[in-house]
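Here's the structure, in structure tokens; my notes come after.
Since the model is a prediction, treat every value here as computed from it, not as a measurement.
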Amino acid sequence: MSFVELKYLTSSEARAVGQDRGAVGLIPIGALEQHGPHLPLVTDSALAEVLAAEVAARCREPIVVTPTIMAGLSEHHADFPGTVTLGPVTLGAVIQAYITALKRMGLTRIGLFSFHGGNFRFLGKYAAGCSSIWPGMQVAAYTDFRRFLHVMFQAGVKAGLKLASTDSHAGAIETSLALHVMGEHRVRAFEAVTGYTAGEAGWLEAIETKGVQAISPSGVFGTPGGANAGAGKVILNALSEEVAVWLKDAFKLGEFNSSAPLHERS
């Protein structure tokens with residue numbers, strides 16, 4: 001099976017998969033931060049973990065998926081209770097430890113991706129500096145946050161969601177994903193929840209400079225009303241294809257598996 005969960009391997013199994021020259025490491029990075037009054041703090045990390053599994057399942061080569069890094073750069077959410085934020089040095093040190101472990105196994109190709117928007121720019125800079133730390137290794141990061149949002153948005157519209165142009169955090173898109181991935185029992189009542197929908201010029205950039213609460217007191221961008229698990233399934237499938245194509249191109253992998261995504265199997 002192409003999806004190899006590092007955390008469930010024995011040490012001898014890790015050694016064996018590391019000897020496969022085709023194997024690629026994949027490190028998902030999430031966040032532990034507020035997602036409005038209706039979604040769990042772990043939302044980004046839970047979605048990153050499932051997305052990594054779906055991406056790996058599409059590939060023919062062994063994709064060694066590490067445990068998701070559960071916290072990231074979330075300073076702009078820090079006004080909301082429960083949010084955990086790491087500084088860039090700390091996050092970089094954790095990623096370095098994961099890459100070092102994969103290198104010791106024998107892997108020389110490592111992919112990084114995030115489900116939390118605040119990590120994207122950092123991951124690009126981090127990956128660009130890896131050649132000086134690990135000569136001979138290839139470390140690549142998915143860095144196009146706007147495309148990531150666009151893929152989710154287009155899939156949400158295709159699935160019948162009525163989306164505000166600002167739907168990017170705890171709105172109908174992420175709420176639908178949470179319903180599909182985590183189940184209704186993890187999602188609180190959301191039909192009456194409101195969020196930021198005005199969409200003034202520069203609103204996305206202002207999140208980092210002013211903080212989330214200054215722009216959206218509820219912590220929500222978009223509105224979650226109308227979210228449903230069926231739409232979440234469509235969005236997850238589109239994102240899985242997007243990130244899998246990036247991984248394939250970055251490491252010149254072979255053609256994809258034709259089997260159904262993990263979340264569609266019985």
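A donor-acceptor pair under 3.5 Å is absent between the side-chain atoms of Gln138 and the main chain of Ile110, judged by distance alone. Thr100 places a side-chain N or O within 3.5 Å of a backbone atom of Gln96 that can act as its donor or acceptor partner. Formation of a donor-acceptor pair under 3.5 Å by the Ser132 side chain with backbone atoms of Gly129 is found in this model. Side-chain atoms of Asn257 come within 3.5 Å of backbone atoms of Cys59 as a donor-acceptor pair (strictly under, hydrogens ignored). The main-chain N or O of Pro135 is never found under 3.5 Å from a side-chain atom of Ser131 such that the two would form a donor-acceptor pair. Here the side chain of Ser240 pairs a donor or acceptor atom with the backbone of Leu236 at under 3.5 angstrom. A donor-acceptor contact shorter than 3.5 Å is absent between the side chain of Asp249 and the backbone of Leu247. In this structure, His169 contributes its side chain and Glu174 its backbone to no donor-acceptor pair below 3.5 Å. Although no hydrogens or angles enter the test, the distance criterion places a donor-acceptor pair under 3.5 Å between the side chain of Asn119 and the main chain of Gly30. Side-chain N or O atoms of Arg109 include none that pairs as donor or acceptor with a backbone N or O of Met137 at under 3.5 Å.
Using cut-offs of 30° and 60° for the angle between ring planes, the Phe221 and Trp203 rings count as parallel.
Here the closest non-hydrogen pair linking Ala164 and Thr197 is CB-CG2, 3.9 Å. Counting all heavy atoms, side chain and backbone alike, Leu123 lies closest to Phe113 at CD1-C, 4.0 Å. Between Ala170 and Pro224, the shortest heavy-atom distance links the atoms O-CB, 3.8 Å. For Lys7 against Pro67, the heavy-atom pair with the smallest separation is CB-CG, 3.9 Å. Of all heavy-atom pairs between Ala23 and Leu107, the closest is CB-CD2, 3.5 Å. Summarising the geometry of Ala140 relative to Phe251, their closest heavy-atom pair is CB-CZ, 3.9 Å, with the distance given to 0.1 Å.
Taking OG of Ser168 as the reference point, atom CD1 of Ile207 lies at 5.5 Å (rounded to 0.5 Å). Between the NE2 atom in His116 and the OG atom in Ser74 there is a gap of 3.5 Å [rounded to 0.5 Å]. To the nearest 0.5 Å, atoms OH (Tyr196) and CG (Asp167) are separated by 13.0 Å. Rounding to the nearest 0.5 Å places CD of Glu49 at 4.5 Å from OG1 of Thr68. The OG1 atom of Thr175 sits 9.5 Å away from the CD atom of Glu191 when rounded to the nearest 0.5 Å. If you take NE2 on His185 and CG on Leu179, they are separated by 11.0 Å, rounding to the nearest 0.5 Å.
Test Phe148, Phe115, Tyr126 against Phe120 for ring pair (Phe, Tyr, Trp, His ring centres under 6.0 Å) and you get one pass: Phe148. For the pairing with Leu239, the side chain to side chain contact (heavy atoms under 4.5 Å, CB included) check across Val55, Val151, Val234 returns one residue only, Val151.
No side-chain donor from either of Glu33 and Thr83 sits under 3.5 Å from a side-chain acceptor of the other. Neither side chain, Tyr8 nor Glu13, offers a donor N or O lying under 3.5 Å from an acceptor on the other. A donor and an acceptor atom, one from each side chain of Asp44 and His35, are located under 3.5 Å apart. No donor-acceptor contact under 3.5 angstrom links the side chains of His77 and Thr85, judged on distance only.
Residues Arg60 and Phe256 are not in side-chain contact: their nearest non-hydrogen atoms beyond the backbone lie 4.5 Å or more apart. Looking at Phe3 and Ile63, their side chains never come closer than 4.5 Å, going by heavy atoms from C-beta outward. Glu5 places none of its side-chain heavy atoms less than 4.5 Å from the side chain of Val64. At least one side-chain heavy atom of Val193 sits less than 4.5 Å from a side-chain heavy atom of Pro37. At least one side-chain heavy atom of Val212 sits under 4.5 Å from a side-chain heavy atom of Phe80. A 4.5 Å side-chain heavy-atom check between Glu242 and Met152 finds every atom pair outside the cut-off. The shortest side-chain heavy-atom distance between Arg146 and Asp144 falls under the 4.5 Å cut-off. Here the side chains of Pro28 and Leu51 are not in contact, with every heavy-atom distance at 4.5 Å or above.
The hydrophobic cluster containing Val187 does not contain Met182, counting ILVMFWY residues as joined when their side-chain heavy atoms lie under 4.5 angstrom apart, directly or transitively. Both Leu91 and Val139 sit in one connected hydrophobic cluster of ILVMFWY residues. Membership requires side-chain heavy atoms under 4.5 Å apart, directly or through other members. No continuous path of hydrophobic side-chain contacts links Val220 to Leu41 [ILVMFWY only; heavy atoms under 4.5 Å]. Hydrophobic clustering places Tyr142 together with Leu177 (ILVMFWY residues linked when any side-chain heavy atoms are closer than 4.5 Å, directly or through intermediates). One hydrophobic cluster holds both Leu47 and Trp246 under the rule that ILVMFWY side chains link at heavy-atom gaps under 4.5 Å.
Under 4.0 Å is where a charged nitrogen must lie from a carboxylate oxygen, and between Arg58 and Glu241 at least one such pair does. Under 4.0 Å is where a charged nitrogen must lie from a carboxylate oxygen, and between Lys210 and Glu200 no such pair does. Glu208 and Arg121 are joined by a salt bridge, as a carboxylate oxygen and a charged side-chain nitrogen come within less than 4.0 angstrom of each other.
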Exercise. Going through the distances and angles, do Phe122 and Ile95 end up as a side-chain contact (heavy atoms from CB on, under 4.5 Å)?
Worked result: CA-CA 11 Å; Phe122 170 82; Ile95 295 172; 4.0 Å; yes
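For CD of Glu205, the number of neighbouring non-hydrogen atoms (other residues, nucleotides, ligands) closer than 6.0 Å is greater than 12.
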